[in-house]
> 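I am attaching a structure below and will ask some questions about it afterwards.
Numbers here are sequence positions counted from 1. Note that the structure is a prediction, hence the values are computed from the model and not measured.
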Amino acid sequence: VRPQPLLFEIRTPEQQHQQQQQQNSQLQSSEINDFIDQYPDTPGARFVHLLRKHIHYATGAEDRRIDDCYTSRLQCFGGAQATGQMKTTIIPTTQTTMQEFLHLDGKDKIPRLGTDPVCLPLILAGQAIQNAGVVVELGPFAGMTTRCLGIGLNQTGVTNAMFSFDTFDNENNWRAIRQQAKWVVEMPEYDTKKDFIWVWQRVVQSVYPTAKAIRGFISKDTANPAVWNNNQIAMLSMDSVKDVLHWQDQLEGIDMLKAGSILALQDFIQTDQPTIVYGCLREYLMPVFTCWDYWEPWIFVVKKDMSLKLPCKCLKNLQDEYADTMEEQSLRDLDVMGDRSMTEKKNKTMVKMNEVFRTSGYCNNRAVRGRARAGRMICKRGAK
């Protein structure tokens, strides 16, 4: 009797993994691959490789990781290899247990605002920096995003490469910190004032001792290359920049990001930033990570040298005629960053993006007219 032909091909686990990678479209666009070929030894290229290894390694992987952010959080922070018990499992990307990672001295809860899903990408970004330059962070809150970046930096042995800028005295932030972390009122540093730089120092310097916090309003006088010893910026992370005026004022002393650097926008969709990026800067940037379900944090790689000074022509023309073009490009980007299993989450994200792009019509909406006025104000103040 002749053996019947197999109706399917038997594949080894390695072959199955390769097939999944081939089927998976995440982060496989020609734009990203061309960038990696051109700038292979840069933080941006290394970051994309790490994303592919720990987050975008198979169809549905990121969807499962985000779901885990609501349950055990082991894969949320550690990727697919993180399984087991919260108190005993060593998270591969952090080299610590979840209990130690989320608590100071194993017991004091670290205050954070929506940082969980973006922490793993930030750890990977920190690992990607190596000796390429420094990380500059604007608006770190209590320091959880800085902690994630610092853990990645610390694993590479790089020191003195983290600079965080904030007033550290925002009343709403201080209230949120006290509500989440009851231990702060028991610390000797605590007083009735709203100064919380010491909380940031405890959260961050326990994992990255050489991190520096610079207190004060962010401007060219406080945030400029002299502060980080004229080193090149390998990564810029922003949470305090909410609109075009913030962008102009807070970034005036920074000016330039080089090709291969990383830009993290921690409050992306809740601000004017989508319009700024897709209306002005998309030719210089390409998104490689977005935080599904939370929508806000987006991380970009700089694909060619980019001035942070927004062109006046762009800011003056945030009008209806540009909305379709911005929407089409952002939808293509979402397709690159997510796979077929994430259709529902991509659609929800696109709805949020459209609210920013259109907001009931640029010309007829007060908030958007305010953006255009802000653009004209910046041009009058001498921006090029």
Side-chain angles (χ1 to χ4, degrees), residues 21-59 61-62 118 120-136 149 152-153 156 158 161 231-238 251 254-266 268 273-274 276-292 297-311 314 325-326 328-339 346 349 353:
Q21 287 185 317
Q22 292 171 356
Q23 292 175 345
N24 181 23
S25 63
Q26 290 174 300
L27 291 182
Q28 299 295 333
S29 73
S30 59
E31 180 184 26
I32 293 176
N33 290 329
D34 289 345
F35 164 80
I36 292 174
D37 291 340
Q38 187 174 2
Y39 299 101
D41 190 26
T42 61
R46 289 191 289 268
F47 181 50
V48 170
H49 287 308
L50 288 169
L51 287 175
R52 289 174 173 175
K53 177 180 179 181
H54 293 281
I55 293 180
H56 297 142
Y57 59 88
T59 300
E62 175 64 349
V118 79
L120 176 56
L122 292 177
I123 292 171
L124 301 179
Q127 292 176 355
I129 300 303
Q130 297 187 12
N131 291 311
V134 299
V135 177
V136 173
L149 285 163
L153 283 168
T156 67
V158 175
N231 288 303
Q232 182 173 308
I233 295 178
M235 178 173 180
L236 175 63
S237 178
M238 301 193 299
L251 302 181
I254 299 176
D255 188 29
M256 180 71 67
L257 290 179
K258 301 291 286 184
S261 57
I262 301 169
L263 175 64
L265 301 178
Q266 301 290 354
F268 189 62
Q273 292 170 357
I276 292 172
V277 168
Y278 283 99
C280 305
L281 301 176
R282 179 59 180 83
E283 64 177 301
Y284 302 95
L285 298 169
M286 53 185 180
V288 294
F289 176 83
T290 182
C291 195
W292 306 104
W298 282 49
I299 304 180
F300 300 81
V301 168
V302 180
K303 62 180 183 177
K304 59 181 180 179
D305 293 357
M306 178 184 76
S307 171
L308 291 168
K309 296 185 184 302
L310 295 175
C314 165
T325 301
M326 291 189 288
E328 291 169 4
Q329 180 61 62
S330 61
L331 185 58
R332 288 195 295 270
D333 289 342
L334 288 170
D335 284 338
V336 171
M337 291 185 288
D339 57 52
K346 284 194 292 185
T349 304
M353 294 283 281

> Shortest non-hydrogen contact from Asp305 to Ala259?
OD1-N, 2.8 Å

> Can you name the salt bridge (charged side-chain N to carboxylate O under 4.0 Å, His left out) partners of Asp37, sequence neighbours left out?
none

> List the steps, then state whether side chain to side chain contact (heavy atoms under 4.5 Å, CB included) holds for Ile299 with Leu122.
CA-CA 9 Å; Ile299 304 180; Leu122 292 177; 4.3 Å; yes

> When you compare the side chain of Ile32 with that of Val48, does any pair of heavy atoms fall below 4.5 Å?
yes

> So, taking the atom named CZ in Arg46 and the one named CG in Leu51, what distance separates them when rounded to the nearest 0.5 Å?
13.5 Å

> Rounded to the nearest 0.5 Å, what separation is found between the CD1 atom of Ile262 and the CD1 atom of Ile233?
12.5 Å

> Set out, in order, the CA-CA distance, both residues' side-chain angles and the distance that settles side chain to side chain contact (heavy atoms under 4.5 Å, CB included) for Leu334 and Thr349, then state yes or no.
CA-CA 8 Å; Leu334 288 170; Thr349 304; 3.9 Å; yes

> Taking side chain to side chain contact (heavy atoms under 4.5 Å, CB included) as the criterion, tell me which of Phe289, Tyr284, Phe268 meets it with Phe300.
Phe268

> Suppose we screen for side chain to side chain donor-acceptor pair (under 3.5 Å). Which residues come up paired with Arg282, at least two apart in sequence or across chains?
Glu31, Asp333

> Find out whether His49 and Ile36 are in side-chain contact, i.e. whether some heavy atom of one side chain is under 4.5 Å from a heavy atom of the other.
yes

> Can Val136 and Ser237 be said to form a side chain to side chain contact (heavy atoms under 4.5 Å, CB included), step by step?
CA-CA 6 Å; Val136 173; Ser237 178; over 6 Å; no

> Could you go through Leu236 and Leu251, starting from their C-alpha distance and side-chain angles, then the distance that decides it, and tell me whether this counts as side chain to side chain contact (heavy atoms under 4.5 Å, CB included)?
CA-CA 10 Å; Leu236 175 63; Leu251 302 181; 4.3 Å; yes

> Identify the two heavy atoms, one from Tyr278 and one from Pro287, that lie closest to each other, and give their separation to 0.1 Å.
OH-CG, 3.9 Å

> Which pair of heavy atoms, one from Pro43 and one from Ala234, lies closest together, and at what distance?
CG-CB, 4.0 Å

> Ignoring hydrogens, what is the shortest heavy-atom contact between Val158 and Gln130? Give both atom names and the distance.
CG2-O, 2.9 Å

> Distance check, rounded to the nearest 0.5 Å: Ser29 atom OG versus Met337 atom CE?
10.0 Å

> Looking at Ile129 and Gly133, what are the two nearest heavy atoms and their distance?
CG2-O, 3.7 Å

> Which atom pair, heavy atoms only, marks the closest approach of Val288 to His56?
O-CE1, 3.6 Å

> Can you tell me how far CD of Gln273 sits from CG of Leu263, rounded to the nearest 0.5 angstrom?
8.0 Å

> With rounding to the nearest 0.5 Å, note down the distance linking NZ in Lys258 to OG1 in Thr42.
12.5 Å

> Supply the atom-to-atom distance Leu153 CG to Met235 CE, rounded to the nearest 0.5 angstrom.
9.0 Å

> Could you tell me whether the side chain of Trp292 reaches within less than 4.5 Å of the side chain of Lys346, counting heavy atoms only?
yes

